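Computed over heavy atoms, backbone and side chain alike; hydrogens, waters and symmetry mates excluded. Since we're looking at a predicted model, the values are computed, not measured. Remember, it's 1-based here, ligands and their atoms both numbered in the order they're listed.
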Amino acid sequence: MAEKEMENIISLAKRRGFVFQGSDIYGGMAGMYDFGPYGVELLNNLKRAWWKEHVQRREDFVGLDSSIFKDPRVWEASGHTSGFSDPLSECKNCNTRIRVDKELEKIGVAADEKMSEEEINALFEEHKDKIKCPSCGKKDFSLARAFNLLVKTNMGNFAGEDAEVVYLPGEASQGIYLNFKNIVDSTRAKVPFGIAQIGKAFRNEISPRNFLFRTRELEQADTQYFVRPNENKEKYEEIKRDRFNWYVKMGIREENLRWKQHDNLVFYASDAWDIEYNFPSYGFDELEGIHDRTDYDLSQHSKFSGVDLSYVDPQTGEKYIPWILETSVGLGRMFLAFLSDAYTEDEIGGEKRTVLKLSKELAPIKVAVFPLLKNKPDLVAKAREVFDMLKEDMMCEFDDNGNIGKRYRRQDEIGTPHCVTIDFDTLEDDTVTVRDRDTGEQERVKITELVNHLR
Ligand code: ATP
C-alpha cells in the first residue's frame, strides 16, 4: 500500500464534506475550519465516546460546561496574561512570521517554553544559520520577541473606552478550577475525584498550520483529577495508562502512538508527558498532554479571588489544597488522528478504493439503505420503509443515485460500516442484503432482525 499522505486525507475531508476551510467563500481565514455534515457527526461521536469514558462510566467523575467569558482576573491568576506567549520572529525579506521554539525544535534544539526573550534569542543566534524562512528561503530574521497568545475583546454596553477588556479562553480548563468549590458544595464529590469538560479555547497562534493540527479556535477535552497532596504519583501513572489505552480501544493503531516526556517543566509542574501521534506527512507530534500540576491552580485562584479553595476531608477534618492531575486534548487534533488512522487505500473485488476504517462507534453514518433500482416504485417504497425504521435507532442515509458499486464506494469513503440493499427477493421474503465495509462480504438478513444485527 502506498504511504499515506496528509494531502489525500485533507482532500477527502473536503470532497466528502467532513471539513471546510473557515470563511471559504471570502478566501479562507487562517487557522479556522468548519466541520461539515459528516465531520460534525464524527466530531460528536468522538465527544460522546470521550464523555462516556470519563463521566458515564465513572463514579469518581462529574461533568461541567462553564462559560467562555470569565472575570479577566482569572487569566492573571493562571499566568496567561503575563506568561502565555510564544517567541516570534519575522523574516526581514518577506515578513513571514516564524515561531522560533518550533523552528529550533525542527533542527533538534530543545527550547524551553518558559525561556526569557534574552535566552531564546541567544539560542536563536547560535543556530540562525540553520533556519530558513519557510516562504522565501532566506536566513535573515529579526530578534525574537514574546508574543502573547490570548485573544482580547470588549464586553459591555459602552463602545470604546468604557467597555471592559475581556479575554477569550486560552485554555478551556480554567472553568474547572473556578467551579471546584461549587461542585464540592453541591454534589457528593469527595477527593479523590475528577471533573471533565469539553470547551472552546482561542489562541493567537503565530503560524496556524497543518490543517486541524494547529488552529486559532479549538475545542479541548479536559479532565482535572483532584488528589490529596503527595498522593499524585500512582494516580498519575494510572491516568496516563488509561488515556493511551483509550486511543487504542477506539481504533488507533498502537504503533502510531508514543510517549514523550517534557524535559523542561514549568516551575509548578512535577511531571508532564505527551501522547504523540504519527501524523501522515508530518510525523510524530503532540496529540494530548498529561500534566501533574501540584496545588498551583487552586492556590493561585484562592490568592487572586480571596476565596479559600481548600478542601476539608469530611471524615478526618484534614484541610488542604488538592493537587491536580490534568489531561488535555484538542478535539481537532484528535479528529485528525482518527481520520488519518482510518484512511486506507486498498482493493476490493479487484477494484481500487479509498475507505475510512473507522470503528462503528465513530463512523458518521452507521448504515446506508439502497433500493436496487431507482425506477422501481415497489423497491423504493420498501427501501423507504426500512430506512424509516432504522433512522429511529442510528444515523442512516438513503441513497438511490447511481449503480450499486458507486454507492458502495461513496459509503466506503465516509466510513459507513454497513450498506443495506433492497432487491426483488426482499419483496418476496422480507430479507435484505447487508454488505460489510471492510470485507465486502454480503449476507441476507430478515428485516425484523436488522436492527439487532446492525447493533
Ligand atoms: P503546542 O506545544 O503544540 O503549542 P501546547 O503544549 O501549548 O501545544 P496545551 O496548552 O498543553 O498544548 O494544550 C493541550 C492540548 O490542546 C494539546 O495537546 C493539543 O491537543 C491541543 N492544542 C493546543 N493548541 C492547539 C492548537 N493551536 N490547535 C489545535 N489543538 C491545540
Give a yes-or-no answer on whether the side chains of T344 and D346 include a donor-acceptor pair shorter than 3.5 Å.
no

Lys NZ or Arg CZ of [X] over [Y] ring: under 6.0 Å, within 45°:
X	Y	result
R73	F304	no
R258	F284	yes
R48	W51	no
R241	F244	no
R435	Y408	yes
K260	W273	no

State the atoms of ligand 1, each with its element, that fall below the 4.0 Å cut-off from a heavy-atom position in [X].
X	result
R99	4 (O)
Q220	13 (O), 14 (C), 15 (C), 16 (O)
G289	18 (O)
E205	24 (N), 26 (C), 27 (N)
E288	18 (O)

Looking only at heavy atoms of E326, does any of them come nearer than 4.0 Å to an atom of ligand 1?
no

Work out whether the distance between some heavy atom of H291 and some atom of ligand 1 is less than 4.0 Å.
yes

Which residue, F335, Y343, F213, forms the ring pair (Phe, Tyr, Trp, His ring centres under 6.0 Å) with F279?
F213

Ligand 1 N/O within reach of [X] N/O, cut-off under 3.5 Å:
X	value
V329	no
L218	no
E171	no

Can you tell me which portion of [X] lies within the under-4.0 Å heavy-atom range of ligand 1? Options are side chain, backbone, both, or neither.
X	result
R214	both
E276	neither
L287	backbone
R216	neither
K102	side chain

Ring-plane angle category for F193 and F180, please: parallel below 30°, perpendicular beyond 60°, tilted otherwise.
parallel

Closest to atom 7 (O) of ligand 1 (judged by heavy-atom distance), picking from R203, H262, R209
R203

Closest heavy-atom pair and its distance - D101, I120
CB-CD1, 4.4 Å

